[in-house]
2 protein chains.
Amino acid sequence: MSPRIGLDQTTILMAAADIADTQGIDELSLAAVAKKLNIRTPSLYNHIDGLPGLRMKLSVYGLEQLYATAHSAVTDMTGDDAIRAMSAAYLAFARARPGVYELTLRAPDPGHPEVVEAGGKLVRLLVALFEDYNMTEDAALHAVRCLRSVLHGFASLEQKGAFGLPLDLDVTFRLLVDTFIAGLQTIRT
Amino acid sequence: MSPRIGLDQTTILMAAADIADTQGIDELSLAAVAKKLNIRTPSLYNHIDGLPGLRMKLSVYGLEQLYATAHSAVTDMTGDDAIRAMSAAYLAFARARPGVYELTLRAPDPGHPEVVEAGGKLVRLLVALFEDYNMTEDAALHAVRCLRSVLHGFASLEQKGAFGLPLDLDVTFRLLVDTFIAGLQTIRT
DNA sequence: TTGCAAAAACTAATATCATTAGTTATAGTA
DNA sequence: TACTATAACTAATGATATTAGTTTTTGCAA
């Protein structure tokens, strides 16, 4: 009496996300997921396309989650406030779901339609942030790249434990965002 | 007639670095290194402490190389010029040695003495950049964290192919560094 | 010069993982 | 009620890291 236990892709993704968040991205294996779900490894193949497929789905899941939290954070906000709210939401997500966040940027094939679509939504949300700043279209796109660099750089270094000194990380992050906002007028043409 | 071929740790590290740079960090395995050197996998254990040991040594190697190129880039420079030179050297290294650069921040144990020492040298070089700006000591340390975030964020996203739009990356990077420099006065106290 | 000890490179063996092929039993449908 | 699709399984294969134990060479000491 083993077939039809009720396994589905969402269950698998949630288990995998939990492993990635708590044990680290390198510990995410099909064997670990199967063990957590009390099933045998090959059973996973009925719902996902191997380990690369699982990682791809997790990337999409993470991008959608990040979009959702960022979107609700910036609604009804404009200008510097919106940038600050976006930044706070971004970092909060990266901190709450370190494994999922990292997977977000490590899709096996970044060109996969689902990943491109999910990432595109997030980028469009970011582009909208700069509509209040009277920039040319290209300048806004450069600004988006800059903001993404700032946010990802901090989140990534913090996550890797690369900030060793005993100095308040939240203070650094606030200064980082303020510095970006203050310097933003540099990007115009 | 097999013992004493003349293998040593440096030879192994160079082969591993080349694999990481050309094939990607996920393709770096002891099997791949052994194949490239025409030896058997277990022979590597006479010179390195398994795959984690190899990755740790590569982290240190990368940090030292990055320090060397950054150091020579900023000598005799001060202020904004020094920050710009440092930024250019950092990105150039990340681009030239993508695998080694990535390993730099992914040491199996970031607390290992050798990694801490090599990373510390680099951080001290960065701290020196802000001596020209009349900041408090803490402010300078925050500034270093901000600059690292900016540089790593851009280098990392570029490397992962996360900047999809057809917009000149060098222009974005110049704007990013200029924005940081322009906003720097925000960090004072 | 000769002999010995350290160690380099090896073969063999084990364990873990991803993946595929093929089997069985269940759930939904005709 | 019977049949088909398929979920979950067992078995098997191949890649990898790692350890144990063997052989041979190098370098040093008597």
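Lettering follows sequence order; numbering is per chain, from 1.
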Between [options], which one does the side chain of [X] approach most closely?
X: A:T41; options: D:dT18, C:dA18, D:dA11; result: C:dA18
X: B:H47; options: C:dA18, C:dA21, C:dA8; result: C:dA8
X: A:I39; options: C:dC17, D:dC9, D:dT19; result: D:dC9

Whole Å only: how far is the [atom1] atom of [X] from the [atom2] atom of [N]?
X: B:Y45; N: D:dT16; atom1: OH; atom2: P; result: 13 Å
X: B:I19; N: D:dT16; atom1: CD1; atom2: P; result: 11 Å
X: B:R40; N: C:dA13; atom1: CZ; atom2: C1'; result: 15 Å
X: A:L37; N: D:dA7; atom1: CG; atom2: C1'; result: 14 Å
X: B:L44; N: C:dA7; atom1: CG; atom2: P; result: 18 Å
X: B:L30; N: C:dC10; atom1: CG; atom2: P; result: 14 Å
X: B:L7; N: D:dT25; atom1: CG; atom2: C1'; result: 15 Å
X: A:I5; N: D:dC9; atom1: CD1; atom2: P; result: 6 Å

Worksheet item: Between A:F93 and A:Y101, how do the two ring planes meet: parallel, tilted or perpendicular, split at 30° and 60°?
Response: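 Taking A:Y101 first and then A:F93, their aromatic rings stand perpendicular (interplane angle over 60°).
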Discussion item. Can you confirm whether more than 12 heavy atoms, excluding those of B:D49, are under 6.0 Å from its CG atom?
Written reply: no
Worksheet item: Does the C:dA7 base have a donor-acceptor partner in the side chain of B:N46 within less than 3.5 Å?
Response: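 There is none.
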Worksheet item: So which pairs with a foot in residues 70-79 of chain A pass side chain to side chain donor-acceptor pair (under 3.5 Å), sequence neighbours left out?
Response: none
Worksheet item: Does the side chain of A:R95 come under 3.5 Å of the side chain of A:Y90 through a donor N or O and an acceptor N or O?
Response: no
Worksheet item: In terms of side-chain heavy atoms, does A:Y61 have a donor or acceptor partner in A:R97 at a distance below 3.5 Å?
Response: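 Side chains of A:Y61 and A:R97: pair found under 3.5 Å.
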Discussion item. Set out, in order, the CA-CA distance, both residues' side-chain angles and the distance that settles side chain to side chain contact (heavy atoms under 4.5 Å, CB included) for B:L157 and A:R145, then state yes or no.
Written reply: CA-CA 9 Å; B:L157 290 176; A:R145 284 182 174 176; over 6 Å; no
Practice prompt. May I ask you to evaluate whether A:S43 reaches the phosphate of D:dC9, defined as a side-chain N or O under 4.0 Å from OP1 or OP2?
Written response: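 For A:S43, the contact criterion (side-chain N or O under 4.0 Å from OP1 or OP2 of D:dC9) is met.
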Practice prompt. Note down the inter-axis angle between the two ends of the helix from C:dT1-D:dA30 to C:dA30-D:dT1, five pairs each, to the nearest 10°.
Written response: 10°
Worksheet item: Does the distance from a Lys or Arg side-chain N to an Asp or Glu carboxylate O, for B:R55 and B:D109, drop under 4.0 Å?
Response: no
